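Quick notes on the structure that follows.
This one's a predicted model, so the numbers in the text were calculated from it and none came from an experiment. Indexing begins at 1, ligand by ligand and atom by atom, following the structure's order. The residues of the chain are indexed from 1 along the displayed sequence.
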Amino acid sequence: MKSYPIAVIAGDGTGPEVIAEAIKVLEAASRKFNLKLDYTRYDLGGARYLRTKEAMPESVVEELRKFPAILLGAIGHPEVKPGILEKGILLRLRFELEQYINLRPVKLYDARFCPLKDKKPEDIDFVVVRENNEGLYTGSGGFVFKGTPHEIAIQESVNTRRGVERCLRYAFEYARQRRQGQPWRGLKPEEIAAGKKAQLTLCGKTNVLTYAFDLWERAFHAVGQKDFPDIKRAYAHVDATTMWLVKNPEWFDVIVTDNMFGDIITDLGAMVQGGMGIAAGGNINPQGASMFEPIGGSAPKYTGQGVINPLAAICAGQMMLDFLGEQASAQAIEAAVIKVTREKIKSLAAGKMGYTTAQVGDLVAAAL
Ligand code: IPM
Ligand code: MN
């Protein structure tokens with residue numbers, strides 16, 4: 001029996017409620033596929049910060065580093081000033097554990113849940129690979145003349161060749177693996193004849209950010225040309241990307257982009273797949289401790305009512321199993337989620353599912 005130590009940070013707000021359902025489903029999958037997940041719980045988040053005035057002790061970072069995977073509920077508390085918990089826990093773990101990829105699959109499971117007219121599940125099935133350690137999120141910058149009429153605020157976008165290239169390589173590799181040799185349906189016959197299997201779109205802003213995205217673009221073509229001849233390379237400016245994600249989401253297979261553009265377009269992606277109730281993501285260090293989370297946040301107004309949708313957390317658990325190399329159980333969870341969303345769930349929105357949070361977890365566990 002394979003066994004994996006898992007760190008669990010249920011966190012704030014609705015985090016504990018959705019994590020309970022994710023673990024319910026992971027346990028059902030473990031029984032079926034003969035796995036053992038060994039959970040160690042960490043008390044982190046707003047409540048702990050208010051109690052101790054410390055977002056996260058150094059010793060916790062060192063402990064978390066030793067786990068292959070971390071399952072995270074939500075971080076964010078109405079009584080804590082914005083930025084403290086985000087920087088002190090979420091961004092700190094992403095950076096210190098070198099989770100340099102933020103992976104966000106966007107897949108529509110049922111046409112009923114798509115806000116876009118006439119789009120079907122086969123039209124919305126793409127993945128965003130967001131660079132997760134650099135760009136505008138490193139905290140580099142500062143103030144000059146703070147608080148005076150001459151104040152200057154500088155926020156620097158950091159793009160290293162090493163950081164950009166490892167992100168691009170991950171994205172190319174991911175695009176190659178994703179369809180297991182079956183060419184992506186958006187490719188033209190002549191592209192398939194030329195040996196292309198998948199498409200990777202670089203989302204940037206080469207027309208204005210002429211340093212940062214010049215580096216991205218050069219690295220993109222250099223890496224792609226040399227090592228990934230089977231992947232079609234495409235480019236889209238970020239503003240055009242937001243337009244096409246609404247108008248023609250079927251144009252995308254895998255998208256790779258920097259930290260801030262990725263942050264923005266993945267929320268748009270979450271909406272086109274049916275909302276925060278179903279959107280999951282992974283913060284990945286391909287060689288180390290990776291962290292999986294529902295991307296919806298702590299939702300204070302729904303806390304403790306049993307109305308929040310746990311499917312995003314359940315899907316985060318599924319991504320975690322996939323990362324751990326447990327493809328069979330991961331696929332079974334996804335199939336169960338698809339079945340439940342198609343056959344049972346009335347809406348993916350909190351309070352409108354037709355079931356309580358715990359009942360949705362029960363339905364997915366039973367469908368496995
Ligand atoms: C996300 C979140 C975070 C981010 C916040 C909470 C710091 O919005 O995971 O996309 O901006 O990366
Ligand atoms: Mn975000």
Side-chain angles (χ1 to χ4, degrees), residues 9-15 18-19 22 44-49 55-56 61 64 69-106 126-141 155-159 163 167 203 238 241-242 245 255-285 289-301 303 308 312-313 315-317 319-320 323:
I9 306 170
D12 298 316
T14 50
V18 298
I19 285 300
L44 294 171
R48 180 199 173 124
Y49 174 76
M56 186 169 55
V61 181
L64 289 172
I70 303 164
L71 188 60
L72 171 70
I75 296 291
H77 196 288
E79 284 152 49
V80 181
K81 188 171 166 244
I84 293 179
L85 301 171
E86 290 86 340
K87 282 191 172 173
I89 301 174
L90 195 59
L91 295 181
R92 185 159 168 220
L93 286 175
R94 286 176 181 176
F95 286 12
E96 292 202 23
L97 303 185
E98 269 197 82
Q99 296 165 344
Y100 62 84
I101 297 297
N102 190 292
L103 190 67
R104 281 278 298 108
V106 177
F126 61 90
V127 176
V128 180
V129 176
R130 163 184 172 189
E131 200 294 318
N132 212 27
N133 277 180
E134 300 194 337
L136 281 159
Y137 289 58
T138 63
S140 175
Q155 196 91 43
E156 288 155 329
S157 175
V158 175
N159 299 266
C167 174
C203 164
V238 63
T241 302
T242 62
L245 284 181
I255 301 175
V256 63
T257 191
D258 82 349
N259 210 337
M260 187 169 78
F261 292 165
D263 187 18
I264 297 167
I265 68 170
T266 54
D267 271 22
L268 180 53
M271 287 302 123
V272 307
Q273 77 183 121
M276 290 301 179
I278 191 81
N283 299 278
I284 294 179
N285 173 342
S290 296
M291 181 164 71
F292 299 85
E293 53 175 336
I295 72 168
S298 60
K301 75 173 180 184
T303 299
I308 196 77
C315 291
M319 290 182 75
M320 181 178 82
F323 172 79

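- Contact shell of ligand 1 (protein heavy atoms, cutoff 4.0 Å): Glu86, Leu90, Arg94, Arg130, Tyr137, Asp263.
- Under the 4.5 Å side-chain criterion, counting only non-hydrogen atoms from C-beta, Ile284 is not in contact with Gln99.
- Distance alone, capped at 3.5 Å, is enough to place a donor-acceptor pair between the Arg104 side chain and the Ala280 backbone.
- Separating the CG atom in Leu85 from the CG atom in Leu91 is a distance of 11.0 Å, to the nearest 0.5 Å.
- Contact detail for Ile89 and Gly45: the closest heavy-atom pair is CD1-N, 3.6 Å.
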Under 3.5 Å, side-chain donor or acceptor atoms of residues 69-84 against the rest of the protein: list the pairs with distances, not counting sequence neighbours.
{"residue": "His77", "atom": "ND1", "partner": "Glu79", "partner atom": "N", "Å": "3.1"}

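- Annotation: the span from Met291 atom CE to Asn102 atom CG amounts to 9.0 Å, rounded to 0.5 Å.
- Side-chain atoms of Leu64 and Glu96, non-hydrogen and from C-beta on, never get closer than 4.5 Å to each other.
- Excluding waters, the protein N/O/S atoms found under 2.8 Å from the Mn ion (ligand 2) are Asp263 OD1.
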Distance-only criterion, 3.5 Å: show the donor-acceptor pairs between side-chain atoms of residues 260-269 and protein atoms not counting sequence neighbours.
{"residue": "Asp263", "atom": "OD2", "partner": "Tyr137", "partner atom": "OH", "Å": "2.7"}
{"residue": "Thr266", "atom": "OG1", "partner": "Gly262", "partner atom": "O", "Å": "2.7"}
{"residue": "Thr266", "atom": "OG1", "partner": "Asp263", "partner atom": "O", "Å": "3.1"}

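- Taking 4.5 Å as the limit, every side-chain heavy atom of Ile255 sits out of range of all side-chain heavy atoms of Val129.
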